[in-house]
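Note that the structure is predicted; figures quoted are calculated from it, not measured. Sequence lines set the chain letters: A, B, ... in the order given, protein chains first and strands last, and positions in each chain run from 1.
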2 protein chains.
Amino acid sequence: MLSQAEENYLKEIYALGEETQKLVSTNSIAKKMKTKASSATDMLQKLANKGLVDYTKYKGARLSKKGETRAMVIVRKHRLWETFLVDKLGFSWDEVHDIAEQLEHIQSKTLTNRLDAFLEYPSHDPHGHPIPNTNGKIVASESIILAELKVDEEGIVVGVKDASDSFLKYLNKINITIGDTIKIVEIEPFDNSVTIDNNTQQITISGNVAKNLYIKSE
Amino acid sequence: MLSQAEENYLKEIYALGEETQKLVSTNSIAKKMKTKASSATDMLQKLANKGLVDYTKYKGARLSKKGETRAMVIVRKHRLWETFLVDKLGFSWDEVHDIAEQLEHIQSKTLTNRLDAFLEYPSHDPHGHPIPNTNGKIVASESIILAELKVDEEGIVVGVKDASDSFLKYLNKINITIGDTIKIVEIEPFDNSVTIDNNTQQITISGNVAKNLYIKSE
DNA sequence: AAATATTTTTAGTCTAATCTAAAAAATAGG
DNA sequence: CCTATTTTTTAGATTAGACTAAAAATATTT
């Protein structure tokens, strides 16, 4: 059985590797874990010994097959619990992360699967992130980012790429949430900011924000 | 914040002190925690330094006011989660203890209270144990033990004193569960075994079993 | 009450996960 | 391409929680 620390490292290595598919650096892991590079090195060596990561000194690490399986279980649990907190207990999507960070370490396969059933097998968590199935597989999603839409095109907000507290709070403030239908009114070539219409209002968001919103075409 | 180990000790000291109201011995704590007496001593000293237990060398320990408050929060969480697991996820009462042992350490007052609301403020967990309220108070229960009933008296099973796995499995086997109405048919003076009738069957249980069943008069 | 047995504490070790400081390797700039 | 900077690793220390072995206190027997 893995310790919570080991599980957290696996999860972060997964998250960092997801984007680039490349080796993850010791420093980037240390930063994510809010610890020192030396501590990250120690942990990488331990995880490598257990066969959970492929690690080359001074080069970086990536999850092994075995490590990825473990990571996906944790991601699955995290996202199921977030769904539970929002759908059943009435939390809002910007309140659930820290609690799910704790709940994701509860050990019980039966519990995870019964929770999944209780939630009626959700495919995405409250942030629009896909929930891996029992086998740790993520069903491919056909979403794109808002920044890829052109003027007059429409889509439905299905998720956020950046689920940080500050970003979610910002979305709450400007009244954008999952399920909103959004139409592109104007794109400012100078800074890539986008003016959108979500039926109730017309607002301008920065290019950066547009890159962090997942959209599905209607 | 307390570590999980500290929380577990507090909970066990509470459980051991509940019965007798007296000082709890180092050895009995060690046994409950499945550790060595020396480890228990270490922890008692630490908890005493934090003002969570009153501890006298070679004498034993009891929870301080502060320690009891903390213990009750943990007991409350444990029993709420057990209720969730049985009522919402369909576990049976003999399957939930180990999972609740993990869930009881999740830190979030809001979560605990929302869970309580979601479960519609249950007064007792699936084993019939009372659930402390937000202030850590247990609402007095008027139940007695089955062994105190006389021949021909009736009552409803409302809980078990011993919630051990083996006892719960035994009750399942002989088809006794919470809510059953039970009538005393005969008491054998020789060994205090009791023959009972729960409408569907007549069975004989040992005096020890009779001492571990809580009964409410109709 | 002395001798024996049991319980509890102390002293010293161990492991996991962290840290600081210093050494080693990799990268970047002139 | 060689020096400066950054990144990464190693070495050694620390803390929480557990352990063993031995010492100290308490309980039990005779």
Side-chain angles (χ1 to χ4, degrees), chain A residues 1-14 16-17 19-20 22-63 67 70-71 74 101-102 104-107, chain B residues 1-14 16-17 19-20 22-63 67 70-71 74 101-102 104-107:
Chain A
M1 225 199 63
L2 299 179
S3 69
Q4 294 204 185
E6 290 170 319
E7 289 199 345
N8 285 331
Y9 272 94
L10 286 183
K11 195 183 49 158
E12 289 307 343
I13 296 167
Y14 168 75
L16 289 166
E19 306 251 322
T20 56
K22 286 194 305 196
L23 285 173
V24 176
S25 76
T26 303
N27 243 0
S28 62
I29 296 171
K31 239 166 242 159
K32 273 275 179 187
M33 300 298 300
K34 289 177 184 173
T35 183
K36 296 293 144 75
S38 55
S39 307
T41 299
D42 285 351
M43 185 55 90
L44 287 179
Q45 290 172 340
K46 190 203 290 192
L47 293 175
N49 279 335
K50 294 193 175 188
L52 295 164
V53 301
D54 298 323
Y55 165 65
T56 327
K57 249 187 174 192
Y58 291 106
K59 290 292 191 167
R62 71 159 52 88
L63 293 179
R70 296 306 210 96
I74 304 161
E101 289 281 293
Q102 300 177 62
E104 74 193 4
H105 299 296
I106 303 294
Q107 302 291 348
Chain B
M1 225 198 64
L2 300 178
S3 70
Q4 294 204 184
E6 290 170 319
E7 290 199 344
N8 284 331
Y9 272 96
L10 285 184
K11 195 183 50 158
E12 287 308 343
I13 296 168
Y14 168 76
L16 288 166
E19 306 251 323
T20 57
K22 284 195 305 194
L23 285 173
V24 177
S25 77
T26 302
N27 242 0
S28 61
I29 296 171
K31 238 165 241 158
K32 273 277 178 184
M33 300 299 300
K34 288 175 184 172
T35 182
K36 294 294 144 73
S38 54
S39 308
T41 299
D42 285 351
M43 185 55 90
L44 286 179
Q45 291 172 341
K46 190 204 288 193
L47 293 175
N49 280 334
K50 293 193 175 188
L52 295 164
V53 302
D54 298 323
Y55 165 65
T56 325
K57 245 188 174 192
Y58 290 107
K59 291 293 192 164
R62 69 158 54 86
L63 292 179
R70 298 303 212 97
I74 304 160
E101 288 281 296
Q102 301 177 63
E104 74 193 5
H105 299 296
I106 303 294
Q107 302 291 346

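- Comparing dT8(D), dA18(D), dA21(C) by their closest approach to the side chain of Ser39(B) singles out dA18(D).
- The phosphate of dT10(C) (OP1 or OP2) has a side-chain N or O of Gln45(B) nearer than 4.0 angstrom.
- Atoms NZ (Lys36(A)) and C1' (dA13(D)) sit 15 Å apart, rounded to a whole Å.
- Closest to the side chain of Thr35(A), out of dA18(D), dC19(C), dT9(C), is dC19(C).
- By the 4.5 Å heavy-atom criterion applied to side chains, Leu2(B) and Leu52(B) are counted as neighbours.
- Look at CE on Met43(A): it is 14 Å from P on dT9(D), rounded to the nearest Å.
- Going from atom NZ of Lys57(A) over to atom C1' of dA25(C) covers 9 Å, rounded to whole Å.
- Contact annotation for Ala37(B): base contact, defined as any heavy-atom pair under 4.0 Å involving a base atom.
- When the nucleotides dC19(C), dA24(C), dT8(C) are ranked by their closest atom to the side chain of Asp42(A), dC19(C) comes out on top.
- Rounded to whole Å, the distance from CG on Asn49(A) to P on dA16(C) is 11 Å.
- Rounded to an integer number of Å, the gap from Tyr55(B) OH to dT7(C) P is 16 Å.
- Residue Thr26(B) places at least one side-chain N or O closer than 4.0 Å to OP1 or OP2 of dT9(C).
- Summarising the geometry, the separation between OH on Tyr58(A) and P on dT10(D) is reported as 6 Å, rounded to the nearest angstrom.
- Among dT20(C), dT7(D), dA11(C), the nucleotide with an atom closest to any side-chain atom of Ser38(A) is dT20(C).
- Ion pair Glu6(B)/Lys50(B) flagged as a salt bridge, since at least one NZ, NE, NH1 or NH2 atom sits closer than 4.0 Å to an Asp/Glu carboxylate oxygen.
- Between Leu47(B) and Ile13(B) the shortest side-chain heavy-atom distance falls below 4.5 Å.
- Atom NZ of Lys50(B) and atom P of dT15(D) are 14 Å apart (whole Å).
- With rounding to whole Å, Asn8(A) atom CG is found 17 Å from dA16(C) atom P.
- Side-chain atoms of Asn8(A) and His105(A), non-hydrogen and from C-beta on, do get closer than 4.5 Å to each other.
- With contacts defined as side-chain heavy-atom distances shorter than 4.5 Å, the pair Lys11(A)/Glu104(A) qualifies.
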